*Asks:* 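My questions will all concern the structure given below.
Order of the sequence lines fixes the chain letters, A, B, ..., with proteins taken first and strands second; residue numbering starts at 1 for each chain. In what follows, every heavy atom counts, from backbone to side chain, and hydrogens, waters and symmetry copies are set aside. What you see is a predicted model; the values in this text were computed from it and never measured.
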Protein chains: 2
Amino acid sequence: MTNFDNYAKSAFTVDNIIFGFDEGDLKVLVIKRGEQPYENQWALPGNFVYPNEDLDTSANRVLQELTGLKDVYLEQVRTFGAVNRHPMGRVITVAYFSLIKIKDYKLQGTAALSQKTEWVSIKEAKNLAFDHDEILEACFRRLKRRVKMRPVGFELLPRKFTLTELQHLYEAILEPSKEIDKRNFRKKILSMKILVDLGEAQEGVAHRPAKLYKFDKKKYEKFVAEGYIFEI
Amino acid sequence: MTNFDNYAKSAFTVDNIIFGFDEGDLKVLVIKRGEQPYENQWALPGNFVYPNEDLDTSANRVLQELTGLKDVYLEQVRTFGAVNRHPMGRVITVAYFSLIKIKDYKLQGTAALSQKTEWVSIKEAKNLAFDHDEILEACFRRLKRRVKMRPVGFELLPRKFTLTELQHLYEAILEPSKEIDKRNFRKKILSMKILVDLGEAQEGVAHRPAKLYKFDKKKYEKFVAEGYIFEI
DNA sequence: GTATTAATGTTTAATAAGTATATATGTGTT
DNA sequence: AACACATATATACTTATTAAACATTAATAC
């Protein structure tokens, strides 16, 4: 019978990389560190795992303490376990990412009151504290892979969105320096029949108003059940 | 300045799910537990992480102690952190998988002498100890995804292999109940120009001898550098 | 009237899917 | 030794589907 007292133990944290999409740009929420090490430097949100708390719950708590949001898309990406990640001792970090609609974000979690936070473009989020550049890179790479094969990108958009917004989202994530052909993109996404045309259009725009759509989870489940593959 | 003594610490292990390919079947190496809990039940290879050992090194040690092999394909898959995974107390497990050529396997690691091990078909590996069914499922799912988009399957084959062996490998991993069309598979894999025709053929077979090929890593790197995507 | 961006479909190129026959061995029989 | 048989390998073409490339009309605010 194994006795755990004979083995090394480690502090465990979870980091939750919170992605949002705003003004055609993929953004990540960063917080300014309030103490050493890396005081006053931007870092990713994270916290220690409680003794009787599983990892997913811990990651959801990190998110909720910062944003007040619950029931948000969450995915475990990778565990960072190098020996000397932190000057105070061994700490192993399990990195997750979440996807939220920036419109829903209100700085109303309990942790938000005592920390300075900011949405930063993914293109500009560099030189973060600790090994957070590496953590962010791993999560961004996973997000890229995920949006190609699963309809998770919709978590980043308002409930009602235009096809152009959806296209800009895919461009921001997949091809930051390149444009997807509008006609081909529309043909592809509409052919899957997982969107609902709401019969509404944008208002107050100085150009032809775009139609509004929403993602329909039941139509997606039907799509998958019929053997089709979501692939962008 | 954070003081880790104020936070919970957990025992932590790495499991390394070792895949092999033999007689047209994807196999996984299991060990018979020598003590409670789950005594005499099959389990996946794993061990505690040493105090000054990073996670990858630990996973590689698990493999080497069992097989004697080093420099083997290794990939971190997921961390399992439920609270009550083990009756003796909290333990968090980082799961990896490795790919080896069964021909190279010789039960010559230090751990192999004291444990009963067996190669089990992926189709039959069920009812393992702890949450190992779930761990195996996660690794198998990741392997499926990986072989589609990366030439990692070659790690499971002998250095010289026939196209039919490669096809059977893909069938065993991707479509256990289905056959891929031989002509289409050959056309696709040969069109990538990442294999080398060795100019040799099988011997001693009661049918037309198949040509032998090898995977060429430099040709693959050239393929990628030219902007092509490996996709099966 | 102007500037701006949304909506739309066709053609060409590439790849997926579906399909059959000639080839080369070991084994067994005569 | 010669032959037949069983077996699995190597190969290419046709049809269907999807990717890639490309331009004009429509609908708003100013």
Side-chain angles (χ1 to χ4, degrees), chain A residues 23-25 147-149 157-158 160-172 174-175 177-214 223-224 226-232, chain B residues 23-25 147-149 157-158 160-172 174-175 177-214 223-224 226-232:
Chain A
E23 299 179 335
D25 216 7
V147 298
K148 285 186 194 171
M149 306 300 298
L157 289 174
K160 304 181 185 184
F161 54 83
T162 67
L163 288 184
T164 304
E165 280 171 330
L166 183 61
Q167 177 174 336
H168 289 327
L169 174 73
Y170 270 92
E171 284 163 345
L174 297 182
E175 307 275 358
S177 56
K178 194 170 148 198
E179 282 187 4
I180 301 173
D181 179 86
K182 186 182 287 286
R183 277 165 298 187
N184 288 334
F185 183 81
R186 294 169 72 93
K187 185 202 286 184
K188 189 153 191 156
I189 196 73
L190 291 177
S191 71
M192 294 185 209
K193 299 183 161 60
I194 60 175
L195 300 186
V196 176
D197 177 343
L198 292 169
E200 299 167 42
Q202 274 178 320
E203 288 176 352
V205 287
H207 53 72
R208 180 177 172 163
K211 292 183 183 175
L212 292 171
Y213 293 82
K214 75 166 181 178
F223 178 77
V224 169
E226 288 169 353
Y228 297 112
I229 293 172
F230 179 95
E231 187 172 3
I232 302 278
Chain B
E23 299 178 334
D25 215 8
V147 298
K148 285 187 195 173
M149 307 298 299
L157 289 173
K160 303 180 184 184
F161 54 84
T162 68
L163 289 185
T164 305
E165 279 171 330
L166 183 61
Q167 177 173 337
H168 289 329
L169 174 73
Y170 271 92
E171 284 163 349
L174 297 182
E175 309 273 359
S177 56
K178 193 170 150 194
E179 283 186 1
I180 303 173
D181 180 85
K182 184 184 290 283
R183 277 164 296 186
N184 289 334
F185 183 80
R186 295 168 72 94
K187 184 203 285 187
K188 188 155 192 154
I189 195 74
L190 291 178
S191 72
M192 294 185 210
K193 299 185 162 58
I194 59 175
L195 301 185
V196 177
D197 177 344
L198 292 169
E200 300 167 39
Q202 274 178 323
E203 289 177 351
V205 288
H207 54 74
R208 179 175 174 167
K211 291 185 186 174
L212 292 172
Y213 293 84
K214 75 168 180 175
F223 177 76
V224 168
E226 288 168 353
Y228 297 111
I229 294 173
F230 180 94
E231 187 172 1
I232 302 278

*Asks:* Ignoring backbone atoms, establish whether A:Lys211 has a side-chain N or O less than 4.0 Å from OP1 or OP2 of C:dT5.
*Replies:* no
*Asks:* Report which part of the nucleic acid B:Thr162 touches: base, sugar-phosphate, or nothing (heavy-atom distance under 4.0 Å, all strands).
*Replies:* nothing
*Asks:* Do the rings of A:Phe223 and A:Tyr228 sit parallel, tilted or perpendicular, given the 30° and 60° boundaries?
*Replies:* parallel
*Asks:* Please state how far atom CG in B:Asn184 lies from atom C1' in C:dT15, giving the value in whole angstrom units.
*Replies:* 10 Å
*Asks:* Starting from P on C:dA16, measure out to CE on B:Met192 and report it in whole angstrom.
*Replies:* 9 Å
*Asks:* Would you mind telling me which of C:dG26, D:dT11, C:dT8 lies closest to the side-chain atoms of B:Ala206?
*Replies:* C:dG26
*Asks:* Check this one for me: any side-chain N or O of B:Lys188 less than 4.0 Å away from OP1 or OP2 of C:dT15?
*Replies:* no
*Asks:* On DNA chain D, does the nearest nucleotide to B:His168 precede the nearest nucleotide to B:Lys187 from the 5' side, or the other way round? Give the residue.
*Replies:* B:His168
*Asks:* Any donor-acceptor pair under 3.5 Å between the side chain of A:Arg208 and the base of C:dT4?
*Replies:* no
*Asks:* What's the closest nucleotide to the side chain of A:Arg183 if the choices are D:dA8, D:dA27, C:dT8?
*Replies:* C:dT8
*Asks:* Nearest whole Å is fine: how far is C:dA24 P from B:Glu203 CD?
*Replies:* 16 Å
*Asks:* Nearest nucleotide by nearest heavy atom, which residue falls closer to the 5' end of DNA chain C, A:Pro209 or A:Asp181?
*Replies:* A:Pro209
*Asks:* Could you check whether any side-chain heavy atom of B:Leu163 comes within less than 4.5 Å of a side-chain heavy atom of B:Leu195, counting everything from C-beta outward?
*Replies:* yes
*Asks:* Other residues, nucleotides and ligands only: do more than 12 of their heavy atoms fall within 6.0 Å of CD on A:Glu226?
*Replies:* yes
*Asks:* Rounded off to whole Å, could you give me the NE2-to-C1' distance for the A:His207 and D:dT24 pair?
*Replies:* 18 Å
*Asks:* Within this structure, what is the NZ-to-C1' distance between B:Lys182 and D:dT11, rounded to whole angstrom?
*Replies:* 11 Å
*Asks:* Determine, stepwise, if the pair B:His168 / B:Glu171 fulfils side-chain hydrogen bond (donor to acceptor under 3.5 Å, both in side chains).
*Replies:* CA-CA 5 Å; B:His168 289 329; B:Glu171 284 163 349; 3.1 Å; yes
*Asks:* At under 4.0 Å, does any side-chain N or O of B:Arg186 touch on OP1 or OP2 of D:dT11?
*Replies:* yes
*Asks:* To the nearest angstrom, how far is A:Asp197 atom CG from C:dA6 atom P?
*Replies:* 16 Å
*Asks:* Hey, are the side chains of B:Met192 and B:Lys188 touching, using non-hydrogen atoms and a 4.5 Å cut-off?
*Replies:* yes
*Asks:* For B:Phe185 and C:dG18, give me the distance from atom CZ to atom P, rounded to whole Å.
*Replies:* 17 Å
*Asks:* Between atom CG in A:Leu190 and atom C1' in D:dT18, what is the gap in whole Å?
*Replies:* 16 Å
